[in-house]
Amino acid sequence: MDRLFTTVLLLGAAFTHGATLHGPRGFNSTCTQIAQAVSSASTVSWPSSDLYNQDIAHWSLAGIEASACSVEPGTPSDVGKILQIVGANRTPFAVKGGGHATNPGFSSTTGVQIAMSKFSDVKYNAQTQTVDVGAGLVWEKVYEVLEPLGRNVVGGRTTGVGVAGFTLGGGYSWLTNQYGLSSDNVAAFELVLPSGQVKSVTQSSNPDLFFALRGGYNNFGIVTKFTLKTYPQGQVWGGQLTIGGDHLTEFHTALAKFSDNTDPKAQLLAPVIYVQAFGGPIVNLLLFYDGPTPPAGIFDDFLAIPNLAKDISTRSFLSIVGASMANTTEGSRDIFEFVPNTKYTPQFFQAVVNESLFWGQRLSNTSSTTSTFVYEPFLPTIFNHASASAYPFNRARAFLPSNLNFVWTSSADDLILQDAIRQSGKRLAEVAANDSADAATASIYGNYALFGTSVQRLYGSNLPRLRAIKATIRSPEYHESLLGAGRFECVDLDYSPLYTHYH
Ligand SMILES: Cc1cc2nc3c(=O)[nH]c(=O)nc-3n(C[C@H](O)[C@H](O)[C@H](O)COP(=O)(O)OP(=O)(O)OC[C@H]3O[C@@H](n4cnc5c(N)ncnc54)[C@H](O)[C@@H]3O)c2cc1C
Ligand SMILES: *[C@@H]1O[C@H](CO)[C@@H](O)[C@H](O)[C@H]1NC(C)=O
Ligand SMILES: *[C@@H]1O[C@H](CO)[C@@H](O)[C@H](O)[C@H]1NC(C)=O
Ligand SMILES: *[C@@H]1O[C@H](CO)[C@@H](O)[C@H](O)[C@H]1NC(C)=O
Ligand SMILES: *[C@@H]1O[C@H](CO)[C@@H](O)[C@H](O)[C@H]1NC(C)=O
Ligand SMILES: *[C@@H]1O[C@H](CO)[C@@H](O)[C@H](O)[C@H]1NC(C)=O
């Protein structure tokens, strides 16, 4: 009785809160104000228009929220006006780059959806060997411009992934063994502060913000442009290799050996995918070598395993990025979870196989289509390429950014699948921590972490400095707005657990 009463009260409070302060009508008047304030370079759209649908779209259908309106700002100064209005009205908002975040509320909102798609310029500067990249781009658009120039950037490994979220969170690339994370290769950010001020942030102009933006996502403002270092790029070797579930042991033996490889040009991505349609797992490897032919030995053990499909050749960088099947789950519901790993052990391999079979079978009576564990071996030296940054908070050693990725089709199963991936992630993290105490204190990679991950695990010893930096960028009115709903979402330093639903 008591509990029922409390529930009714809470529901009532939430409803009143929603309807009067932040309800659709309140949000809509913020939208109208934005439409009146911005220049003709920007576009505001209302529900059900094509542009609105495009603006709120996400790679994972489970990542979408129906916003009151959407806005595509066309200039940094309009971004500033939008931030001032949502701040003053305490209207929740979200910033979307490529829309590949799978956690609802990270780049989606029931308030004002800001879509950065108009920031789409790519401009190479031969003198500085850097490239200016708009915050609304996906990586393959950048590669398309650089490839004919024989240059490349440290960016996404598959099609469709946005430059903005990837770089602001860290960014594990095919070139990371050689040059570090994407965020380690930023020369400058063009940042719009919550006050509306537009700032160019570099290591020398503003060391604190430069530190904070490299891993701090949307906590410090909206980035409109990235200036990225470039490197020479020629032909590469690799592509897709699919191995059946009856060869998991040989695959794991080859993977264990590959993990000791020291050639920074060699990399791979190894998803173990339980496919409901097959009733079992397969391995869908992506192999990569930064050169026309890999030295003998590095990938031979994988290539010797009987395969179901193989698309491996000497090719352009763009072609290898297009070769992945990462966009085939587009249009499904999808969620990620991070598993901190310092090394792969036989116990860990066993646990992955067990988890794959366990959840594959357990979820067979749901709309689950695939449940995947992804091995991402990197060299222990990948964090030696740059100075301190928000992510990772510990550069003393590399952590393998292992991750889980579950896919399903029915929204009725959202909670079941989110709970399943949380449980599986927890179980594998326990095994990893049992293998190495360091795994228990690893920097969690926000771009793979499930919502609800504690801010302490994401930023660790960096947290006090990040909070202090965040305090300096708030204008008085923005500080006020932070008390309400009009604050940056995603990894919010002011709240723990970080993630808040605005349903
Ligand atoms: C198919 C697929 C492949 C992937 N491959 C890799 C990989 O190889 N390596 C890797 O490291 N990660 C990978 N990821 C994870 C990827 O890094 C994250 O999903 C990343 O956030 C995507 O960036 P986005 O711009 O597309 O995301 P969005 O969903 O648009 O944004 C993600 C976060 O960044 C914030 N943000 C976006 N734009 C701005 C801006 N202009 N200013 C301030 N904040 C902003 C958003 O508010 C949100 O919090 C992959 C994800 C998918 C789905
Ligand atoms: C929101 O405002 C727009 C334009 O001001 C108007 O056309 C629309 O009907 C309003 N929507 C709601 C739900 O009030
Ligand atoms: C995936 O991306 C590639 C490269 O951009 C494209 O050619 C292909 O049609 C896409 N596939 C799907 C299913 O969307
Ligand atoms: C297999 O996984 C399930 C689910 O995490 C767990 O309960 C069980 O103990 C595991 N079995 C082994 C042998 O590891
Ligand atoms: C699926 O089966 C499990 C038992 O394995 C059960 O607990 C669960 O409720 C079932 N889920 C659905 C959606 O039927
Ligand atoms: C941890 O390791 C010990 C010893 O190898 C083993 O007995 C135990 O089952 C392991 N626990 C987990 C959670 O893997």
Side-chain angles (χ1 to χ4, degrees), residues 58-60 63 73 79 93-103 105-109 113-117 119 134-139 154-174 176 181-183 189-192 213 216-226 267 269 286 321 324-330 334-336 338 347 350-359 361-368 374 376 391 401 403 405 410 412-413 416 420 423-428 430-431 445-449 488-492 498-499:
H58 278 72
W59 178 75
S60 165
V79 171
F93 62 95
V95 194
K96 189 185 85 168
H100 265 45
T102 53
N103 291 323
F106 278 34
S107 53
S108 59
T109 178
Q113 174 78 61
I114 303 170
M116 298 301 286
S117 41
F119 293 89
L137 287 161
V138 294
W139 284 109
V154 180
R157 287 176 285 193
T158 54
T159 53
V161 183
V163 169
F166 189 95
T167 306
L168 290 167
Y172 289 84
S173 156
W174 288 130
T176 289
L181 302 172
S182 272
S183 54
F189 300 91
E190 184 179 76
L191 175 71
V192 184
L213 285 173
Y217 298 94
N218 54 20
N219 267 288
F220 304 92
I222 294 183
V223 173
T224 43
K225 188 170 74 186
F226 298 84
Q267 262 186 231
L269 192 71
L286 280 175
V321 168
S324 89
M325 300 294 283
N327 55 358
T328 52
T329 50
E330 198 167 357
D334 202 300
I335 196 85
F336 275 69
F338 179 79
Q347 297 89 281
Q350 239 171 41
V352 167
V353 173
N354 177 53
E355 287 297 302
S356 181
L357 297 175
F358 177 86
W359 289 105
Q361 283 152 21
R362 168 64 72 91
L363 295 170
S364 63
N365 61 351
T366 70
S367 65
S368 165
V374 190
E376 299 196 13
Y391 174 83
N403 58 92
N405 173 222
S410 166
D413 293 338
I416 296 173
Q423 282 186 52
S424 190
K426 187 161 173 276
R427 166 84 192 152
L428 289 172
E430 279 164 12
V431 177
Y445 182 39
N447 267 333
Y448 290 158
F488 287 93
E489 293 187 41
C490 184
V491 180
D492 196 307
L498 314 175
Y499 170 80

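Atoms within each ligand, like the ligands themselves, are counted from 1 in listed order. Keep in mind that the numbers below use all heavy atoms, side chains included, and drop hydrogens, waters and symmetry copies.
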Quiz prompt | Heavy-atom protein contact below 4.0 Å for atom 14 (O) of ligand 5 | solution = yes
Practice problem: Record the part of Q350 in heavy-atom contact with ligand 4 below 4.0 Å; permitted values are side chain, backbone, both and neither. | Solution: neither
Self-check item: Close approach, G99 and ligand 1, non-hydrogen under 4.0 angstrom
Solution: yes
Quiz item: Does some non-hydrogen atom of Y448 fall short of 4.0 Å from ligand 1?
Solution: yes
Quiz item: N/O of G98 under 3.5 Å from N/O of ligand 1, yes or no?
Solution: yes
Practice problem: Report, in ascending order of atom number, the atoms of ligand 5 lying under 4.0 Å from any heavy atom of N365. | Solution: 1 (C), 2 (O), 3 (C), 8 (C), 10 (C), 11 (N), 12 (C), 13 (C), 14 (O)
Self-check item: Sub-3.5 Å N/O-N/O distance, A101 and ligand 1
Solution: yes
Practice problem: Ignoring angles and geometry beyond distance, decide whether G97 reaches within less than 3.5 Å of ligand 1 through its nitrogen or oxygen atoms. | Solution: yes
Quiz item: Polar-atom distance check: T102 versus ligand 1, any N or O pair below 3.5 Å?
Solution: no
Quiz item: When only distance counts, is Y445 in polar contact with ligand 1, meaning an N/O pair under 3.5 Å?
Solution: yes
Quiz item: Any nitrogen or oxygen of H58, main chain or side chain, under 3.5 Å from a nitrogen or oxygen of ligand 1?
Solution: no
Exercise. Below 4.0 angstrom from a heavy atom of G162, which ligand 1 atoms are there? Numbered from 1 as shown, please.
Key: 23 (O), 24 (P), 25 (O), 26 (O)
Quiz item: Is G171 near ligand 1, meaning one of its heavy atoms is under 4.0 Å from it?
Solution: yes
Quiz item: Between V95 and ligand 1, does any nitrogen or oxygen pair lie at a separation below 3.5 Å?
Solution: yes
Quiz item: Measuring from S356:OG to F358:CZ, what's the distance to the nearest 0.5 Å?
Solution: 12.0 Å
Quiz item: Does the ring center of Y445 lie less than 6.0 Å from the ring center of Y172?
Solution: yes
Quiz item: Just which atoms of ligand 1 are under 4.0 Å from any heavy atom in T158?
Solution: 3 (C)
Quiz item: Quick one: does L168 get an N or O within less than 3.5 Å of an N or O on ligand 1?
Solution: no
Quiz prompt | Test item: protein heavy atom less than 4.0 Å from atom 7 (O) of ligand 4 | solution = no
Quiz item: Quick one: does G221 get within less than 4.0 Å of ligand 1, heavy atoms only?
Solution: yes
